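Both backbone and side-chain heavy atoms feed into the values below; hydrogens, waters and symmetry mates do not. Predicted model only: the values in this text are computed from it and were never measured. In what follows, chains are A, B, ... by sequence order, proteins preceding strands, each numbered from 1.
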4 protein chains.
Amino acid sequence: MDTPLEDPAYEVGTSKAAARIRAAATEVFAAKGYGAASTREIAARLDLSPGAVYPHYKTKESLLFAIALEGHRAVLDTITRAADSATSPRDQLTAAVSAYVKWHAHHHAIARVVQYELRALSDEHFKTIAEIRRATSRVFERILEFGDASGEFHTLDSAAATLAITSLGIDVSRWFPSNAYSDPDLLAERFVELALRMVGNI
Amino acid sequence: MDTPLEDPAYEVGTSKAAARIRAAATEVFAAKGYGAASTREIAARLDLSPGAVYPHYKTKESLLFAIALEGHRAVLDTITRAADSATSPRDQLTAAVSAYVKWHAHHHAIARVVQYELRALSDEHFKTIAEIRRATSRVFERILEFGDASGEFHTLDSAAATLAITSLGIDVSRWFPSNAYSDPDLLAERFVELALRMVGNI
Amino acid sequence: MDTPLEDPAYEVGTSKAAARIRAAATEVFAAKGYGAASTREIAARLDLSPGAVYPHYKTKESLLFAIALEGHRAVLDTITRAADSATSPRDQLTAAVSAYVKWHAHHHAIARVVQYELRALSDEHFKTIAEIRRATSRVFERILEFGDASGEFHTLDSAAATLAITSLGIDVSRWFPSNAYSDPDLLAERFVELALRMVGNI
Amino acid sequence: MDTPLEDPAYEVGTSKAAARIRAAATEVFAAKGYGAASTREIAARLDLSPGAVYPHYKTKESLLFAIALEGHRAVLDTITRAADSATSPRDQLTAAVSAYVKWHAHHHAIARVVQYELRALSDEHFKTIAEIRRATSRVFERILEFGDASGEFHTLDSAAATLAITSLGIDVSRWFPSNAYSDPDLLAERFVELALRMVGNI
DNA sequence: GATGAATGAGACTTCATTCAT
DNA sequence: AATGAATGAAGTCTCATTCAT
């Protein structure tokens with residue numbers, strides 16, 4: 001059962017120093033993009049020398065992977081718990097969308113790395129991440145199927161609706177916060193309403 | 001009337017060579033991100049020497065700006081024409097969303113640069129682009145207001161719906177094409193349905 | 001009292017490697033001029049890679065500044081000590097001119113950088129250097145004023161004589177060594193005689 | 001009799017355009033040094049394209065040579081005429097030093113190139129220039145010898161005095177104008193006095 | 001004579017990474 | 001674990017010069 005998805009220590013780095021490096025790297029990657037970020041700047045944020053990253057992460061890419069892995073696990077965990085906390089399709093969709101949107105708003109730096117910096121991963125690392133992404137998608141898919149089966153939802157195209165709902169959440173990390181929306185809770189409320197309409201509920 | 005939004009030659013570069021450089025740069029920026037892309041690679045794609053970019057664009061950033069300007073103008077122009085081609089709110093929304101989604105699918109390389117690489121722009125260039133982005137948003141906003149006023153739409157929150165509709169389009173450039181969707185027309189059809197539901201039409 | 005003039009470590013670089021880089025840069029700057037010299041060549045003289053200069057000096061200009069600062073301090077220190085070693089105006093002028101001329105002859109590479117490459121300095125760095133240059137000039141001025149007051153000298157125009165005396169020394173760094181003069185001591189002796197005549201002594 | 005020293009058109013360039021290019025280049029070379037100056041900047045000063053220099057001067061170095069040649073000839077001509085205009089050693093020295101100093105003050109841009117940028121010349125070009133420099137030195141030497149022979153001067157070391165007198169003039173081009181001296185005539189007067197003292201006249 | 005795109009070389013500088021300390 | 005000098009590669013950009021127009 002020690003698969004990458006389940007062992008939380010797998011390749012992420014457990015020491016306190018590693019966590020600080022991850023946090024600093026997340027901010028820099030989110031602000032400039034992985035390609036434009038330098039390991040020197042990450043080290044400098046922590047008042048460390050340029051070489052100090054390397055005892056913790058062998059390469060810049062492995063640091064990105066650790067962040068991506070941790071982030072993707074957090075999203076999946078968050079929406080899985082949310083969906084499991086409710087019983088009706090409507091309540092499940094409400095909980096899952098709300099959690100998804102809030103997570104992208106609250107953790108918009110991590111979220112940006114999670115959603116937009118994956119192209120720099122090695123093939124193998126990308127595959128590991130892609131697996132988690134598919135699992136995340138499946139959570140929404142199943143709720144829609146459940147709702148359509150129960151007659152509560154009237155989705156026109158299940159795949160399209162899933163795609164659209166996840167797009168709303170993902171895109172939050174691109175722009176959040178804005179002048180119009182800087183409260184994650186309010187934003188989540190609005191996007192839940194739109195998601196319910198997309199699936200034909202009410 | 002020679003504002004950046006209206007004079008099509010403004011800072012974009014009109015020569016054939018400049019256009020080829022823009023096209024090559026678009027592909028590289030889209031594939032790797034601006035920060036990880038090199039002017040050398042752009043030149044190499046056209047079998048040019050590394051310095052050959054510079055008679056046409058003084059800096060890498062100005063090349064990004066030219067692409068972003070051209071792209072943003074194209075989007076705005078496309079959806080403006082689409083909206084103007086119809087009269088009823090529903091037809092206008094259908095036309096505009098369809099055009100928006102299709103543009104992001106067809107031109108997903110340009111679109112990716114347009115939507116995700118703006119942080120590298122200089123402050124002044126960013127302002128010019130931001131103006132066009134606001135104009136683009138306003139096209140959707142006005143259609144929703146028109147529909148709400150006419151009673152055809154029953155939008156719960158106009159700003160949220162505009163945001164959501166544009167998010168759908170923008171996010172297309174992140175993932176398109178996928179296994180599930182590689183036909184821009186089909187995708188546009190599905191997303192139009194979802195947009196209409198979001199505004200409470202049918 | 002930690003002014004740039006007095007703290008010898010200020011911005012010069014204290015490590016052995018930095019000193020070697022300064023020495024190599026001095027030779028190259030003196031031979032080709034700052035503008036025509038390359039950091040690559042400086043590194044190559046020490047069998048280092050091109051980037052190896054940069055842990056020690058952040059820019060080529062800061063390397064020039066370090067050399068200029070060290071050199072200007074050395075001149076000022078040298079003539080100040082020389083002047084202080086004597087009591088009569090004639091002996092002071094003799095000692096100061098001799099020291100000044102010998103310094104420019106012995107250290108003609110540093111001297112050339114010190115005297116001819118300052119235009120490449122940043123404004124702030126230039127100001128720091130200009131302060132030291134004024135202090136150097138003042139040493140000669142004061143000796144002349146002292147001699148005029150004591151009746152030993154009969155200078156016609158104090159400012160002009162100071163200018164001329166420093167010009168003799170500075171210009172040494174342009175041509176030294178030549179066929180006619182390659183012995184710093186002999187040259188200094190001759191220039192001292194001329195300086196004494198310029199101030200009307202004997 | 002068509003030696004480089006005497007044929008004024010030799011390698012200098014006679015057209016009006018060539019003269020404008022020489023003038024622009026002189027300013028740029030004087031301001032930044034030959035090594036840091038670019039042919040592009042020279043062309044830009046005249047609102048010409050980068051390639052426009054090349055119909056007139058085949059290389060940047062040949063442009064430097066033309067300026068150096070013209071300048072060196074002008075100095076030699078100026079002091080030769082000055083010396084020839086007087087009969088007594090004292091009057092000859094006065095006239096020659098005055099002319100030399102004034103020339104370096106009035107033409108300080110050309111003078112700077114003439115005095116400090118010769119290292120960039122090709123060997124052959126340098127030899128041509130060095131010949132003129134020696135001729136210039138000889139003008140002063142002969143005046144001193146004449147004065148010593150006539151008993152009007154009491155030079156201690158003829159070579160040293162010549163060197164010192166030319167140093168004064170050359171160094172003017174380094175600093176002129178300054179706050180203290182911006183009037184060539186006044187400066188010349190002062191330096192003539194000092195030169196006369198150096199040779200023991202009065 | 002002049003333009004301006006292009007080249008080939010090379011400029012300064014940064015970067016991910018290593019390694020002795 | 002951390003430092004900081006160093007490397008080898010590469011990055012953006014400039015430059016002298018050429019050449020078709």
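Between the side chain of C:Y57 and the backbone N or O of C:V12, at least one donor-acceptor pair lies under 3.5 Å.
Atom OH of A:Y54 is separated from atom P of F:dT7 by 17 Å (rounded to the nearest Å). Rounded to whole Å, the distance from OH on A:Y34 to C1' on E:dC15 is 12 Å. Whole-Å rounding puts the A:I42 CD1 to E:dC15 P distance at 11 Å. Between B:K58 atom NZ and F:dT12 atom C1' the separation is 16 Å, expressed in whole Å. Between D:L64 atom CG and F:dA16 atom P there is a gap of 13 Å when expressed in whole angstrom units. Per the geometry, OH belonging to C:Y57 stands 16 Å off P belonging to F:dG4, to the nearest Å. The distance between atom CG of D:L63 and atom C1' of F:dC15, rounded to the nearest whole Å, is 15 Å. With rounding to whole Å, C:K32 atom NZ is found 12 Å from E:dA11 atom C1'.
By the salt bridge (Lys or Arg N to Asp or Glu O under 4.0 Å) test, B:R133 is found to be paired with no residue, residues two or more places apart in sequence or in another chain being considered. The salt bridge (Lys or Arg N to Asp or Glu O under 4.0 Å) test applied to B:R20 returns no partner, not counting sequence neighbours. Listed by chain and residue number, nothing satisfies the ring-ring contact (aromatic ring centres under 6.0 Å, His included) test with D:H56 (two or more places apart in sequence, or in another chain). Residues forming a side chain to side chain donor-acceptor pair (under 3.5 Å) with D:H107 (at least two apart in sequence, or on another chain): D:W103.
Applying the salt bridge (charged side-chain N to carboxylate O under 4.0 Å, His left out) test to pairs two or more places apart or on separate chains, those with a residue in residues 48-71 of chain A are A:R22-A:E70. Applying the salt bridge (charged side-chain N to carboxylate O under 4.0 Å, His left out) test to pairs two or more places apart or on separate chains, those with a residue in residues 107-117 of chain B are A:R119-B:E117. Judged as a salt bridge (charged side-chain N to carboxylate O under 4.0 Å, His left out), the pairs with a partner in residues 28-44 of chain D (not counting sequence neighbours) are, in order, D:K32-D:E41.
Two residues, B:T39 and D:T39, neighbour DNA chain F, and the one matched to the more 5' nucleotide by heavy-atom proximity is B:T39. Closest-nucleotide positions on DNA chain E for C:E61 and A:E61 were compared, and the one nearer the 5' end corresponds to C:E61.
Nucleic acid contact for A:A36: none, since no nucleic acid atom lies under 4.0 Å from a heavy atom of the residue. Counting any heavy atom pair closer than 4.0 Å across all strands shown, B:A43 reaches no nucleic acid atom.
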- Could you summarise the pairing of DNA chain F as dot-bracket text, marking Watson-Crick and G-U pairs under 3.5 Å with ( ) or [ ] inside the strand and | across strands? .||||||||||||||||||||
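Residue B:S38 places none of its side-chain N or O atoms closer than 4.0 Å to OP1 or OP2 of F:dA10.
Under the 30°/60° scheme for interplanar angles, the aromatic rings of D:F65 and D:H125 are found to lie parallel.
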- Query: Which nucleotides of nucleotides 1-7 of chain E have their base under 4.0 Å from a protein heavy atom (B), which only their sugar-phosphate (S), and which neither (-), written as one string 5' to 3'?
  - Reply: SSBBSBB
